[in-house]
Amino acid sequence: MSLLDRFEQAFMPNYGVPPVALARGEGTRVWDVDGKEYLDFIAGIAVSSLGHAHPALVEAVSRQVATLAHTSNLFVHEPEVLLAEKLLGLLGAPARVFLANSGTEANEAAYKLALTYGRREGRSYFVAAENGFHGRTIGALSLTGKKSIRDQFGPFPVDVRFVPYGDAEALRRAVTGDCIAVFLEPTQGEAGVVPPPEGYLRAAREICDATGALLVADEIQSAIGRTGHWFAHQADGFVPDLLTLAKGLGGGLPIGACVGFGAAGTLFGKGDHGSTFGGNPVSCAAALAVLDNLDLDHVNAVAPRLRSGLESAAHPLLKGVRGRGLWLAAVLTEPRAAEVQRAAAGAGFLVNAVQPDAVRIAPPLVVTADEIDALVTAFPKILEEAAQ
Ligand SMILES: *Cc1c(COP(=O)(O)O)cnc(C)c1O
């Protein structure tokens, strides 16, 4: 029996059966269990920021697992302190960090911080964006504006009001002095890598300042160099009250973080929140290796090549390319993203049909110009095959 068949027998059906079984990777290249080679242009959903098997990540994780793999939060360890200090240094503003294991848990921390604030201030509801994605646990799911994954698990314990993403006037109408917090992605990832109109996030900041609502930036997918900046909000000219991180932070090791700026950093009292594995030494060592080895100049040097190269395909199936940095979507004129994903895999490229009409492209941040050229060269034929 093939590995895919055994997967189907052993696992719950929530993922379906993924089309490829991967065995190993090196840089931007990965190999499946049959030895077929691919160039990885999805990086485990914008996670493998240093690529696969990066020597610095391998060394840091190996050294840490052989030294001290776990302490729980009953004890302090140096990698977590170094990581929090490093994040605060990159953020350059007074803030405090909570470490979790995943994106949804980072958002649960933000959600509980916001609830703490809401209760203290007598505020009653949240605002989030339609088509936004914040995670699968019940708190984060209640903020997720995608009916197909949300509605079957409701009703939720908290009032969340959804507004169209990118519409500052709709946000202004929805946020009153009764609003606890506004949760927004600086660019919507799962919705299909959708950046907001210029000025939207600064307007959100201003609306939250005027009403006293907390502004939560979910940068779980957008941070750690993905857009060419350490943090997406740095390019948009605003500072959130709460910031959540995960995907690219650990370079493949599971870690999430919730950062609280200013007064939002001290909303939790002792005993208010915790996680046995959160901030475990191995994941912190991995995150430190990522932060020490990422080259943002490289990201900014190669990103325009990827974007303009994809745009130059000039195929009738291609409507355009949107996104920021090494985080793009090829938007199609017809809902054939699944066909593009399949044709790309056949040609040796891993991409992701993030929406029926949008193909997400998010390579490791170490992707080379030659690897980009390989995808760009193959792209017209991939589109042609998908259009058939
Ligand atoms: C992936 C993602 C999450 C959830 O992260 P998990 O690690 O899968 O729980 C939350 N928010 C955004 C914006 C994401 O892209």
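Whatever order the structure lists ligands and atoms in, that order sets their numbers, starting from 1. Numbering of residues begins at 1 and proceeds along the displayed sequence.
- When hydrophobic residues (I, L, V, M, F, W, Y) are linked wherever their side-chain heavy atoms come within less than 4.5 Å, the members clustered with Leu113 are Tyr111, Leu115, Tyr117, Phe126, Leu143, Val158, Val160, Phe162, Ile180, Phe183, Leu214, Val216, Leu242, Leu267, Phe268.
- Between Tyr165 and Tyr200, the distance from one ring center to the other falls under 6.0 angstrom.
- For Arg226, there are no salt bridge (Lys or Arg N to Asp or Glu O under 4.0 Å) partners, not counting sequence neighbours.
- By the 30° and 60° cut-offs, the orientation of the rings of Phe98 relative to His273 is tilted.
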Which N/O atoms of ligand 1 sit under 3.5 Å from a protein N/O, and at what distances?
{"unit_1": "ligand 1", "atom_1": "7 (O)", "unit_2": "Gly103", "atom_2": "N", "d": "2.8"}
{"unit_1": "ligand 1", "atom_1": "9 (O)", "unit_2": "Thr104", "atom_2": "N", "d": "2.8"}
{"unit_1": "ligand 1", "atom_1": "11 (N)", "unit_2": "Phe133", "atom_2": "O", "d": "3.2"}
{"unit_1": "ligand 1", "atom_1": "11 (N)", "unit_2": "Asp218", "atom_2": "OD1", "d": "3.4"}
{"unit_1": "ligand 1", "atom_1": "11 (N)", "unit_2": "Asp218", "atom_2": "OD2", "d": "2.8"}
{"unit_1": "ligand 1", "atom_1": "15 (O)", "unit_2": "Gln221", "atom_2": "NE2", "d": "2.7"}
{"unit_1": "ligand 1", "atom_1": "15 (O)", "unit_2": "Lys247", "atom_2": "NZ", "d": "2.6"}

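- Sequence neighbours left out, the pairs with a member in residues 64-88 that pass side chain to side chain donor-acceptor pair (under 3.5 Å) are Lys86-Asp292.
- Phe238 does not carry Arg205 over the face of its six-membered ring by the limits of under 6.0 Å from the centre and within 45° of the normal.
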